[in-house]
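Below: one structure, written as structure tokens.
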Amino acid sequence: TAKLTFSATTVNVKRPNSSEVKQEYLSLNVINVLELDPPKDQKPVHWILWTTEPIGTVNEVLKVVDIYRNRWLIEEFFKAIKTGCGFEKKQLEGFNSLSNALAIYSIVAWRLLLLRSLSRTNPQLPASNALTPLQIKILKAISKKNLSEEPSAQEALYAIAALGGHIPNNGPPGWLVLGRGFEDILLLERHYHALKEVDDAINH
């Protein structure tokens, strides 16, 4: 936890020659974020944030800082798509194919990111906050270790990672093993729905 101080002002910046804006100067807001009394031998947190968002009140300044703090979460989301879902390795051609794949992988990455976030911030919360009831049933059926009747978020995360080849001694699971493990669950979930459709068709 860092104790921060904030200051903000508006400055006029000379327009770049490459800019299509006609006026000679651009008006921008700048926020300076500095950590007070950082731990010894550590550099203080120091952000200089340029923005066009309003900074007239304390709440407006804090809003900009909170937006910037979400940068790490956004980067983790991209890692979940690229590494966990292997999006960059898909040999797809054409904008439509890539867009369709990205739409699907975005949902998968969001669910994995949600599960990992819950396992870190509220590890004892039920896994049902991030996984569907069917996904939890499948996970309990194929898990390499016995899970609780209602698995926690952390329990489910490590069970999925184990399916992907995670070794506990290697530290917290990364996106690669989480993606592999969750792919197994999604495939079985797809098979379940396919068999259910066949069964319904036969019975009707």
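Values in this document were obtained by computation on a predicted structure and should not be read as measured data.
- Here the side chain of Gln154 pairs no donor or acceptor atom with the backbone of Pro123 at under 3.5 angstrom.
- Distance alone, capped at 3.5 Å, is enough to place a donor-acceptor pair between the Ser119 side chain and the Arg116 backbone.
- Of the possible donor and acceptor atoms, one in the side chain of Glu155 sits under 3.5 Å from a partner among the backbone N and O of Ser148.
- Separation of atoms OH (Tyr158) and CG (Leu163) is listed at 14.5 Å; rounding is to 0.5 Å.
- Salt-bridge formation is detected for the pair Asp200/Lys196: a Lys NZ or Arg NE/NH1/NH2 atom is positioned less than 4.0 Å from an Asp or Glu carboxylate oxygen.
- Side-chain contact of Asn29 with Thr10: a donor-acceptor pair under 3.5 Å is present, judged by distance alone.
- Between Lys79 and Glu76, at least one side-chain nitrogen of the basic residue sits less than 4.0 Å from a carboxylate oxygen of the acidic one, meeting the salt-bridge criterion.
- Listed for the Gln42 side chain is no donor-acceptor partner under 3.5 Å among the backbone atoms of Pro39.
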Verdict with reasoning, Glu75 to Arg71, per salt bridge (charged side-chain N to carboxylate O under 4.0 Å, His left out): CA-CA 6 Å; Glu75 288 181 357; Arg71 178 173 66 94; 3.1 Å; yes
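- Between the side chains of Asn203 and Asp199, a donor-acceptor pair is found at a separation under 3.5 Å.
- Cys85 approaches Ile81 most closely through the heavy-atom pair CB-O, 3.2 Å.
- Asn170 contributes no side-chain N or O that, together with a main-chain N or O of His166, makes up a donor-acceptor pair within less than 3.5 Å.
- For Glu189 and Gln135, the side-chain atoms include at least one donor-acceptor pair closer than 3.5 Å.
- With hydrophobic clusters built from ILVMFWY side chains whose heavy atoms lie under 4.5 angstrom apart, Leu178 shares a cluster with Phe78.
- Sequence neighbours left out, the pairs with a member in residues 126-145 that pass salt bridge (Lys or Arg N to Asp or Glu O under 4.0 Å) are Lys140-Glu149.
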Worked verdict on Ser128 versus Glu150 for side chain to side chain donor-acceptor pair (under 3.5 Å): CA-CA 8 Å; Ser128 56; Glu150 294 185 4; over 6 Å; no
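- Placement of Val177 and Phe182 in two distinct hydrophobic clusters is found when ILVMFWY residues are connected by side-chain heavy-atom separations under 4.5 Å, directly or transitively.
- Asn100 places a side-chain N or O within donor-acceptor distance of the main-chain N or O of Asn96, the cut-off being under 3.5 Å.
- Evaluated for a side-chain contact (heavy atoms from CB on, under 4.5 Å) with Leu28, the options Asn12, Thr52, Thr9 yield exactly one hit, Thr52.
- Using cut-offs of 30° and 60° for the angle between ring planes, the Trp47 and Trp72 rings count as tilted.
- Transitive grouping of hydrophobic side chains (ILVMFWY, heavy atoms separated by less than 4.5 Å) keeps Leu102 and Ile107 in distinct clusters.
- With Tyr25 as the aromatic partner, Lys14 meets the cation-pi criteria of under 6.0 angstrom to the ring centre and within 45 degrees of the ring axis.
- Within the 3.5 Å criterion, the main-chain N or O of Ala130 finds a donor-acceptor partner in the side chain of Arg111.
- If you take CG on Leu112 and OH on Tyr105, they are separated by 12.5 Å, rounding to the nearest 0.5 Å.
- Taking all atoms of both residues into account, the shortest heavy-atom contact from Ala109 to Phe77 is CB-CE1, 3.9 Å.
- Nearest heavy atom pair, residue Trp50 against residue Val11, reads CZ3-CG2, 3.5 Å.
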